[in-house]
Amino acid sequence: METRAGDPAAFARFDLYSVPSPAFVVDEAAVRRNLAIIRDVRDRSGAKVLAALKAFSMWSLGPVVAEYLDGVCASGIYEARLGREEYSGADGSREVATYCAGYKAEDLPEIFRLSDHVIFNSPGQIARFRPQIEAARAAGETFDVGLRINPLHPEGEVAKYDPCQPHSRLGFPIDQLRPEHLEGVSGLHFHSLCEQDFQPLERTWQAIESRLAPFYSRLEWLNFGGGHHITRDDYQRDELVEFIREVRQETGLTIYLEPGEAIALDAGILVGEILDLIDNGMPVAITDISATCHMPDVIEAPYRPAMLHEPENGPIVRLGGPSCLAGDIIGDYRIPGGAEPGARIAFLDQAHYSMVKTNTFNGVPLPAIWLWNSETGTLREVRRFDYADFRDRLS
Ligand SMILES: Cc1ncc(COP(=O)(O)O)c(C=O)c1O
């Protein structure tokens, strides 16, 4: 899979020796630049925009996200709580929209308390939990109910990342949608894109619009999910704005977008260090960055993360992590300055879907989290992890 970002931007002048290794370093100025672009799309189109916490939930930046966007979307009870506690904004007015493929009855009272929108994956769960929904409302909770639909219109490059793949569990198949499924439902949600341009969204809408038209008068909102690469330089933002205006006019509904990756695109790096070098038919270096523990998408997607300052010429070195997994391989690279033990390296575009996915398999230490501001030059450690973080996930 090709990743479409990887611009070093201000990291081109970041001193890799100014932080401990390994460390995620996020540039607040780059996050603000992304947020400002999204805010502009929001303002011009009249859409509401929620930040998808699953992609990037560095909550020390929660107040910054709240300055620009309408709130967050959460994947379940923990993200909903994080959203409410850390992303509510100075006036506490930001929204939390929670969608989960399957809710547990015991979590629902808290999810209802934390959320403005609770989006279910099937009419079956809505019907089963109707008594809890009514009880929560009777007790004073204010939230509305949404239903995720599956557009049955695949646009993904890779089936693994396509919620419209055959037999997908994500969203209620739109061809089964009937009026009775919308009893007590205020909005419909779909999410079927991944790192995509505007046209796949437009085509998806064209594929489903006639099926949804009969229901507009019963609804208040439509949520077009995430996967919109809005902040990429060549994304068709004007077309998106125009499209949302038209859909708002045609449906009379509030339109939500919930991008995740676009908020943190090209806004963070993962700094690592070469620990050792051997030769096994080619130069092989062990680093303190583990693909499986720190960048699992490298193996899962799979993809090859771009390296900061990678030269065009020079010997190719295979980089891998310190874990026991034979496949803990980051990829083959030319190392800037040469592959010497102690040399620092950095992988680009690691703010999203890396920090949220780290784990401590083999007891591999977690990277520290640092916040840099490329405009002011400030650099501070936000969080350092130690043995207790490893131990306390186990018992
Ligand atoms: C329901 C939902 N909303 C939003 C997103 C965010 O998508 P992205 O980070 O690609 O913008 C995802 C990603 O999987 C998702 O599943």
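What you see below is based on every heavy atom in this structure, not just the backbone, and it leaves out hydrogens, waters and symmetry mates. Order of appearance sets the numbers: ligands from 1, and atoms from 1 within every ligand. Here the structure is a predicted model, which means the values were calculated and not measured.
In this structure, His189 is part of the shell of residues with a heavy atom less than 4.0 angstrom from ligand 1. Not a single heavy atom of Cys194 sits closer than 4.0 Å to an atom of ligand 1.
Closest protein heavy atom to atom 16 (O) of ligand 1: Lys54 NZ, 2.9 Å. If you check which protein heavy atom lies closest to atom 4 (C) of ligand 1, you get Glu258 O, 3.3 Å. Among protein heavy atoms, the minimum distance from atom 9 (O) of ligand 1 is reached at Tyr353 OH, 2.7 Å. In this structure, the protein non-hydrogen atom closest to atom 8 (P) of ligand 1 is Gly227 N, 3.4 Å.
Distance alone, capped at 3.5 Å, is enough to place a donor-acceptor pair between the Asp389 side chain and the Asp386 backbone. Asp288 places a side-chain N or O within 3.5 Å of a backbone atom of Glu273 that can act as its donor or acceptor partner. Looking only at distances, no side-chain donor or acceptor of His153 sits under 3.5 Å from a matching main-chain atom of Asn150.
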- Please test Glu28 against Arg32 for salt bridge (Lys or Arg N to Asp or Glu O under 4.0 Å), starting from the C-alpha separation and ending with a verdict. CA-CA 6 Å; Glu28 180 179 336; Arg32 282 186 182 273; 3.0 Å; yes

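Taking the six-membered ring for Trp and thresholds of 30 and 60 degrees, Phe390 and Tyr387 have ring planes inclined between 30 and 60 degrees apart.
The cationic atom of Arg237 (NZ for Lys, CZ for Arg) does not lie both less than 6.0 Å from the six-membered ring centre of Phe198 and within 45° of the ring axis.
Considering both main-chain and side-chain atoms, Glu261 comes within under 3.5 Å of ligand 1 through a nitrogen or oxygen pair.
With a 4.0 Å heavy-atom cut-off, ligand 1 is reached by no atom of His352. Contacts with ligand 1 closer than 4.0 Å are made by side-chain heavy atoms of His191 only, the backbone lying farther away.
Here the CD1-CZ distance, from Ile330 to Phe347, works out to 4.0 Å after rounding to the nearest 0.5 Å. Rounding to the nearest 0.5 Å places CG of Leu147 at 10.0 Å from CZ of Phe120.
Per-residue contacts place Ala55 under 4.0 angstrom from the following atoms of ligand 1 (heavy atoms of the residue considered): 9 (O). In the vicinity of Pro259, heavy-atom distances shorter than 4.0 Å reach the ligand 1 atoms 11 (O). Numbered from 1 in the order shown, with element, the atoms of ligand 1 that lie under 4.0 Å from a heavy atom of Gly260 read 6 (C), 8 (P), 9 (O), 11 (O).
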